[in-house]
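Predicted model only: the values in this text are computed from it and were never measured. Atoms within each ligand, like the ligands themselves, are counted from 1 in listed order.
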Amino acid sequence: MTMKVFACVVGARPNFMKMAPILRALRAYSQIRPVLIHTGQHYDPQLSDVFFQDLEMPRPDVHLNVGSGTHAQQTARILEKMEEVLLAGTPDGRKFDRVIVVGDVNSTMAAALAAIKLGIPVAHVEAGLRSFDRSMPEEINRIVTDAVADMLFVSEPSGVENLVREGHPEEQIHLVGNVMIDTLLALLPRAREVGTPQRLGLPVGRYAVVTLHRPSNVDHAETLSGLLEVLAEVAAELPVVFPIHPRTRHRIEAFGLGHLLDGQGTGRRRIWALPPLGYLEFLSLTSQAKVVITDSGGLQEESTALGIPCLTVRPNTERPITVTEGTSTLVGSDPHRLRHCLEEVLAGRYKSGRCPDLWDGHAAERIGEILARE
Ligand code: UD1
């Protein structure tokens, strides 16, 4: 059997938990050699290294060190450096047979483009998701990546519908389930042992976990201060824990909104502002929460898998199954809607939801089987 070399690309925090089970599944095939490439889009230890440790991922074989920048700068740096790496092949002189990308970050799109321009076929994991909101950078990344990929691994039925409508041949589309939930189910027992709520002195099962980092929510002073005001109100009823993404932290400082977090001068309770947490610490926190309030796509899915109510601070979602079958409700940035849903949760009237089909811990194995057949 001929050996196949697959370049597996990661760049930003949500990529790591998706790639970890794929690498593990590929290692079961002696004819496949995965080469792990980290673009360096995320470089803070708390956004990158800690995930490699928690997920027991191998160190990247190649690191592109691209860092932060505007969309064009970041994309351009990845394009240039990926092209060099793909042209060079492996140190023992093998060429890359395929590039595997996951999710929808700038690294996903840039690596896919670099590959296809060299004639290297692209597999996209988490293909077909659409918010139909082109003001989201991730929507552009999803559309471009899917347009150049010839293997499309899909996590929920809406993704299949979208890809068929966009003209992708059905034999390229594989509904395999959700690789991120593979990681969640595998690590949940270990995460529970970490005891993050206990360490913070939080009442188990009676606190809210908040994450906010979408440019549409955090890049404008008015929107961000409105959201922080609501969170301060929520804190009056339920402790609010807020691990803050660096992007959001920078904005809070630049807009002078720190007082809304510590409650000083507002007569309100403080919000538990924390640095970004590692995978296990964070899963320990979310899995024992009363409610999650977030604008993260991944966390909408994780909450659904955990059966925990998720109030999604967005007007739309590319993951509609988390709303139709799961525990998520789109509340936009409307404080009244958020407060209403929260009351429903606290009164025990919130919907319960179910875990979607194929979110069963074996999605990466299905991907491995299909890639091995190629
Ligand atoms: C990126 C993804 C987003 C994903 C998010 C998860 C894109 C377009 N966005 O957003 O889809 O949900 O990751 O975290 O790819 N920064 C640091 N340290 C780091 C990395 C970034 O401080 O290690 C700061 C820098 O100020 C940087 C800013 O965060 O400019 C934004 O980083 P960037 O990678 O551009 O996008 P994210 O907002 O992290």
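Contact annotation for Val105 and ligand 1: heavy atoms of both the backbone and the side chain come within less than 4.0 Å of the ligand. Counting heavy atoms closer than 4.0 Å to ligand 1, residue His42 contributes atoms from both its backbone and its side chain. By the criterion of a heavy-atom distance under 4.0 Å, the side chain of Pro14, and not its backbone, is placed next to ligand 1.
With hydrogens and angles left out, the side-chain atoms of Tyr350 and Thr329 include a donor and acceptor closer than 3.5 Å. No hydrogens or angles considered: nothing links the side chains of Asp150 and Gln172 as a donor-acceptor pair under 3.5 Å. A donor-acceptor contact under 3.5 angstrom links the side chains of Glu301 and Asn178, judged on distance only. Side-chain contact, Asp182 with His362: no donor N or O sits under 3.5 Å from an acceptor N or O. Side chains of Tyr43 and Ser68: a donor-acceptor N/O pair is present below 3.5 angstrom, by distance only.
Each of the following atoms of ligand 1 lies closer than 4.0 Å to a heavy atom of Pro246: 17 (C), 22 (O). Of all atoms in ligand 1, numbered sequentially from 1 with element shown, those under 4.0 Å from a heavy atom of Gln74 are 34 (O), 35 (O).
At under 3.5 Å, not a single nitrogen or oxygen of His71, backbone or side chain, sits near a nitrogen or oxygen of ligand 1. Polar contact with ligand 1: present for Asn106 (N/O pair, distance under 3.5 Å).
A distance-only check finds a donor-acceptor pair linking the side chain of Arg314 to the backbone of Asn316 [under 3.5 Å].
Under a 4.0 Å N-O distance rule, the pair Glu325/Lys351 does not qualify as a salt bridge. The existence of a salt bridge linking Asp146 and Arg130 is confirmed by a sub-4.0 Å separation between a basic side-chain nitrogen and an acidic carboxylate oxygen.
Looking at atom 18 (N) of ligand 1, its nearest protein heavy atom turns out to be Asp44 OD2, 3.0 Å. Atom 3 (C) of ligand 1 has as its closest protein heavy atom Glu138 OE2, 3.2 Å. Here the protein heavy atom with the shortest distance to atom 28 (C) of ligand 1 is Arg247 CB, 4.1 Å. Here the heavy atom of the protein found nearest to atom 19 (C) of ligand 1 is Tyr43 CZ, 3.4 Å. Ser68 OG, 3.5 Å is the protein heavy atom nearest to atom 25 (C) of ligand 1. Counting only heavy atoms of the protein, atom 34 (O) of ligand 1 lies nearest to Gln41 NE2, 3.1 Å.
Val209 places none of its side-chain heavy atoms less than 4.5 Å from the side chain of Phe242.
Among Arg214, Arg13, His250, His213, the residue whose heavy atom lies closest to atom 4 (C) of ligand 1 is His213.
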